[in-house]
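Working notes, beginning with the structure itself.
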Amino acid sequence: MNRIPINLTVNGRTTELSVEPNATLADSLREQAGTHSVHLGCEHGVCGACNVYLNGAVVRSCLTLTATCDGMEITTLEGLSDATAAALKDAMHRCHGLQCGFCTPGMIITGHDMLTRKLCNSETEIRQQLCGNICRCTGYQAIVTAIASAQEEISP
Amino acid sequence: MKLPYFEHRAPDSLEEAIATLAALGSDVKLLAGGQSLLPAMRYRLSQPSVLLDLSRIEDLRLKDDALRSGRIDAMSTHAQFAHQNDPTPLGRLMAAHAQQIAFPAVRTRGTVGGSVVHADPAGDWPLLFLALGAQVELSGQRGTRRMALSSFISGPMQTDIALDEILTAVLLDVSALGLTHWGRAKLMHRAGEYAVSSAVAVRRAGGEWSCWIGAIEAGPAPMTQCAELLRSHSSLKHKDMLACAYEDVRAVCPESGQAAVHRHAVNLTRAIAQALETQ
Amino acid sequence: MQQNATSPVHASTADHHGQMIGQRVARREDARHLAGAAAFIADLNAPGCLEIAFVRSPVAHGILKGVDIAPDVPIDMVRHAEHFAHLPPIRANLLRDGYNGAPYPLLATGKVRFVGEPIALVMAPTRAQAEQWAEQIVPRIEALPAVIDARDEWEHPTIPLHEDLSSNLIMRTQRSVGEFDHIVQEAGMSGLQHVTRDFKMARVLASPLEGRGVMALRDKATGAIHLHLSTQRPHLIRSFVAEQIPALRESDLRVIVPDVGGGFGTKSNLYPEEVLLTALAMELDHPVRWIEDRYEHFVASNHARQHDQRITAYFDGDGRIHAVDATFIVDGGAYCAKTSTGAIEANMAANIMLGPYDIQHYRYEAISLYTNKSPMGPYRGVGRPGGCFAMERIIDEVAHELGMDPVETRRRNLIPSSAMPYVTATGLHYDSGDYLEAVNAAEQRVLERWNRDAPPGRRAGIGYAMLVEQAGHGSVEWFRRGSPTVYGHEAARATLNGDGTLEIDVGTLAHGQGHATSYAQIASELTTLPLDAIRIRQGDTAATPYGMGTVASRSLVMGGGAVAQACRMIVDKARRIAAANLSDTADALRLENGVLHGAQGQLTLAEIALITSVQIHKLPKDIEPGMSVQAFYRPSVETGTFSYAVHAARVEVDEDTGFVDITDYLVVEDCGTVVNPLIVDGQIMGGVAQGIGQALYEAMRYNADGQPETVTFGDYALPSAMEVPRIDIIHLHTPSPFSVFGVKGMGEGGSVPPPAAIANAVRDALLAEDIAVNCTPITPDYLLDQILARTEGQ
């Protein structure tokens, strides 16, 4: 298979990768960029464990071909360091929003996105925004509470 | 389930895409958002040897005046419609509809064109655009043509698209539409799933109604008696609307059990009720 | 008092808990995960590692005639059954009469018996390449009719799946307890009524978000095989794997468990892939890895909970249940997995069904069958969700027959707290519990906050279900069940370092339950060292004492017990050393913040540790050097602790669509002393969410040919944040009389009552039309069909 040269900026660092056409962003991030926080839970776009920021919008990295991402910016959990992220992580910790931790990176990306875009004005809205992230451990309540709590802290 | 091997081509222009498509024949699949295609490939339901990636073609991206011109370019994403604030009835309808497609992260990449060509009987955009009497624009080696969406979709997962053609836009006759009322209802058992029942009801400036349901085996179908009932009556009792809905639904899914027919009919009346409440 | 590892040292009967027990401590585990620095099995790196894809049977039942390997596939990268012919099949045993085990081959041999059964494996530099080659390895199978319906197979047996067996019966047990036969015979005369229901519960699977995974390699430094494994039972699996590979000794096998992304029981049994990769690693000079993808998880990881039940309750006009008759038919899948076997659910459901009710006359029949589906394994609660559904639904039916409030009917049948300790009809020894208090607390909260008002077109209903959960049981109970692997203890090794840090190595395996925090709280309580000075380690068989892993809600009772014991031993030794150095008596010293204070001075625990290692001149001659102790916990009462709960659900049913919304959910539970309420609440809520999945959404479906139809998260719907409501929790605290700090096991409990509570709520909502709610999942069409049939002609 012919490999394709792709420039990716991952968490602020630009690297040139050489990827196969069938490489997904999830696999490239895990195997070549070393960002193991990107998790594979289903690889068909339902569970959300692979959610990452691609040019500022959240995507399913398991359903994104790396070959379509040339020149783009990716942020994974490892690179999420703004005040919103700090507030959310702190809230997740205080509220016990993680148990096994496998869904957590995807949850934080999604949570960060909804906090940034101000889509968490009610518990119902938070749950709606969260419906694309599966958790099998927590029953979601602690995660919802964490996001609401972070929201309070960011814009009281 | 990793993706099978394929060759990736990413033309920069529509012309280049068409030429490539024509040259490579039937073993090519067009890659729009990939949100349906890639899962299908993972499960080996589809194994093309070439993916023709449309993401670099500027012409296919959503233009700013789409809701005024009525030209919905094929590579516009669900998210673009979900996030827009256009205050017209069409803008509100498309936002509400897009916001209920799958999940937020899927909406970022999923495309209108991809959804229309995929023609899943429970698909969201085909249902809406059929209710809006849309046309599709297709470009191929022999040039560009337009046809009614209702003719283009010929059955579940089946369209009239030729091997060398690319769907380039969905076209709405915005002024002729002149939407005054709109309503829609999508029943999902579990959030983000494909619809169990879905319905769209719109009223146009001339008083014509268009009512359609989706998520039935054959694909979206018009509810003509309901549309006529609404057109000809200024007020209706719920039970009469429901009875009419029942007739229309039964006519398009004769094989379905009573529960399904009831559900589709009630869901349709809910879409209609929402339309009647439009300010 | 004689000093030995198992007797409590300086423990009072009611261990004083002051600072740490009961604290909502945020978890020590979190930081790594929140930084994106966790390491699950797929994240581990081993140079030169080859990825493995399995060739799995596409057919549910058939004769395997061979495999055709396309010429493009490098033959040296392929392995099939012949390569592993020297390895015996897995044999799961149950030491009880009437159990019909059958060999479980590592790779299909001669026959295939379920879609997904591994037939061959391929190695490649990448998983994508391995899959590509695997697709070019085509098994030649002559298909046979598939056995798909357990009840059908029981009533009309067809061909045995296993040549050595004469039927597809895994096991059948039946027993009549008390005066059951007499009561039923005299029922007409004595004015007893009865109500019978047939309940069907669909097959489900635990579906942790991380699938299984195995990485095996030969460690160059030691020559040992390192088996990195996403498992819940590292030491047991190590023993089992070594047992399956004649050339491999336990001493040359090390199991190392990385972060585990959920288990819920599904990662507890021994699986063929684990043995195969270990054998491969012995043969090759490079590591091999297999990461289970979601499709594989659906077809190759253990399934659970498929019950077909017939339940009859005999009752009087006051709602008192005199006798219960229960038949459980459970679909065990194609093989008996080790250690649970396909009989585990039916046997357990029959054993625990009576729950909190004072019913001593009981007849049960527990039937488990082989079918051409993925083998069954334990899933959070195991047979309890089925048993609870049976009892809690039938007691509601009794109430409805009498026009009585189901809560009142329950009250009239509860075991009163004055009857504790109470031995059930099936021999369970309930240690303590005030069930009436829990029911009243639940009802009171419901009456205060819930009503049955609903918008037009929707019908509201409220339903209850109760649970009694046995956990932390010891050898007597495991032996009674016939398990050849007789559990009964747990182990912990505590080492106090010269810098005052405390390391505790445990034999349990947290996979989300927060042991690194709870155990540290126990250790902090007993040693007075701060939490951040305490490090809990698990999962590496070379670094932890032999333990039984984390299953059966056992860890806090058993593991916590061992941790406590080890800490007491450390403190006791420290006191003796300090006493000698401070010219004081051990008991007179005051331990506070890691410092032992005497009348004439003080010593920190760190200093004491140094005395035992590099300040030996200060160490009395009659005290051993070193500050590392190994402790074992064996419960003094082996019949287990019994936590209990009352669940209540409020639902609204859309009469026109059959959709069920759970608007409110309440849990009143008593798990004794709670070490960390944050963690306990998390376990309850997570369990309830899984129960909701079983109640309304999840079903692993097969067609008549044994083809699995639900192999994506699109078809098999796990509840999202929109399907799981807020869960209100009320805690009662009746400490166990004999566990450390009075804790009781509770990790599974949350998942047990929801199907019953929700079904009872739906039944309540639609009672006026007498809509049956006799199955899970309670699908919209199931309800809508009945609603429409009732309202026909109106």
Side-chain angles (χ1 to χ4, degrees), chain B residues 1-6 35-36 38-45 47 49 99-100 102-106 120 122-123 185-199 215 238-239 241-243 245-246 249-250 256-271 273, chain C residues 51 53 58 124 126-136 211 291-298 456-457 654-661 692-693 696-699 711-724 777-789 791-792 794:
Chain B
M1 321 97 61
K2 296 302 179 188
L3 290 169
Y5 293 144
F6 54 84
Q35 306 300 283
S36 298
L38 295 183
M41 288 174 70
R42 285 196 188 274
Y43 277 83
R44 304 297 189 263
L45 300 171
Q47 288 198 73
S49 34
Q99 282 160 17
Q100 280 205 309
F103 309 108
V106 171
D120 190 301
K186 181 178 178 185
L187 267 181
M188 293 168 282
H189 189 220
R190 191 270 195 200
E193 275 184 342
Y194 269 106
V196 163
S197 292
S198 62
H238 171 76
K239 69 175 177 67
M241 194 72 251
L242 182 60
Y246 250 93
V249 169
R250 238 216 192 86
S256 290
Q258 201 196 352
V261 170
H262 183 90
R263 204 187 337 104
H264 290 308
V266 166
N267 193 60
L268 173 60
T269 62
R270 290 177 183 176
Chain C
E51 300 292 329
T126 66
R127 173 65 180 242
Q129 176 68 77
E131 286 184 11
Q132 232 255 325
W133 284 337
E135 280 153 35
Q136 298 176 68
I291 302 298
E292 183 186 59
D293 65 34
R294 187 51 55 181
Y295 169 75
E296 287 182 294
H297 191 81
F298 276 110
D654 184 323
E655 294 176 295
D656 282 310
T657 63
F659 280 30
V660 175
D661 260 327
I692 289 172
L696 296 176
Y697 300 101
E698 298 175 39
V711 292
T712 70
F713 280 156
D715 300 316
Y716 186 92
L718 297 185
S720 76
M722 291 192 65
E723 285 75 47
V724 182
I778 305 162
T779 62
D781 277 0
Y782 172 76
L783 293 178
L784 193 52
D785 277 330
Q786 294 183 76
I787 291 170
L788 293 174
T791 58
E792 213 158 61
Q794 288 182 14

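Naming: A, B, ... by sequence-line order, numbering from 1 per chain.
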Sort out for me which of [options] touches chain B most, counting heavy-atom pairs under 4.5 Å.
{"options": "C/V660, C/I787, C/D785", "value": "C/D785"}
{"options": "C/D656, C/V711, C/T657", "value": "C/D656"}
{"options": "C/L718, C/T779, C/L696", "value": "C/L718"}

Do the side chain of C/E131 and the main chain of B/M1 share a donor and acceptor less than 3.5 angstrom apart?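 Yes: the side chain of C/E131 pairs with the backbone of B/M1.
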Please identify, among B/R263, B/E193, B/R190, B/R44, the residue contributing the most non-hydrogen atom pairs under 4.5 Å to chain C.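 Result: the option with the highest number of such pairs is B/R190.
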With chain C as the partner, which of B/V266, B/V196, B/N267 has the greatest number of non-hydrogen pairs under 4.5 Å?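 If we count pairs closer than 4.5 Å to chain C, B/V266 comes out on top.
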Spatial distance of atom CE (C/M722) from atom CE (B/M188) [nearest 0.5 Å]: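 Answer rounded to 0.5 Å: 7.5 Å.
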Sequence neighbours excluded, which residues qualify as ring-ring contact (aromatic ring centres under 6.0 Å, His included) partners of B/H262?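 B/H262: ring-ring contact (aromatic ring centres under 6.0 Å, His included) contacts with B/Y246.
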Test of understanding: with ring-ring contact (aromatic ring centres under 6.0 Å, His included), list the residues that count as partners of C/Y716, not counting sequence neighbours.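 So C/Y716 forms a ring-ring contact (aromatic ring centres under 6.0 Å, His included) with C/F298.
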Aromatic ring pairing B/H189/C/Y697, orientation class (parallel under 30°, perpendicular over 60°, tilted between):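 Answer is tilted, since the angle falls between 30° and 60°.
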Which atoms of B/Y194 come close to chain C, meaning under 4.5 Å heavy atom to heavy atom: side chain ones, backbone ones, both, or neither?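 Nothing of B/Y194, per the 4.5 Å heavy-atom cut-off to chain C.
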Kindly determine whether B/Y5 and C/Q129 satisfy side-chain contact (heavy atoms from CB on, under 4.5 Å), including the steps that lead there. CA-CA 9 Å; B/Y5 293 144; C/Q129 176 68 77; 3.2 Å; yes
State, yes or no, whether a side-chain contact exists between B/Q47 and C/E135 at a heavy-atom distance under 4.5 Å.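 In short, these two side chains touch, coming nearer than 4.5 Å.
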Contact class of C/Y295 relative to chain B, heavy atoms under 4.5 angstrom: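 Both parts, heavy atoms under 4.5 Å.
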Where do C/D781 and B/A259 come nearest, in terms of heavy atoms and distance?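 Closest approach of C/D781 to B/A259: OD1-CB, 3.9 Å.
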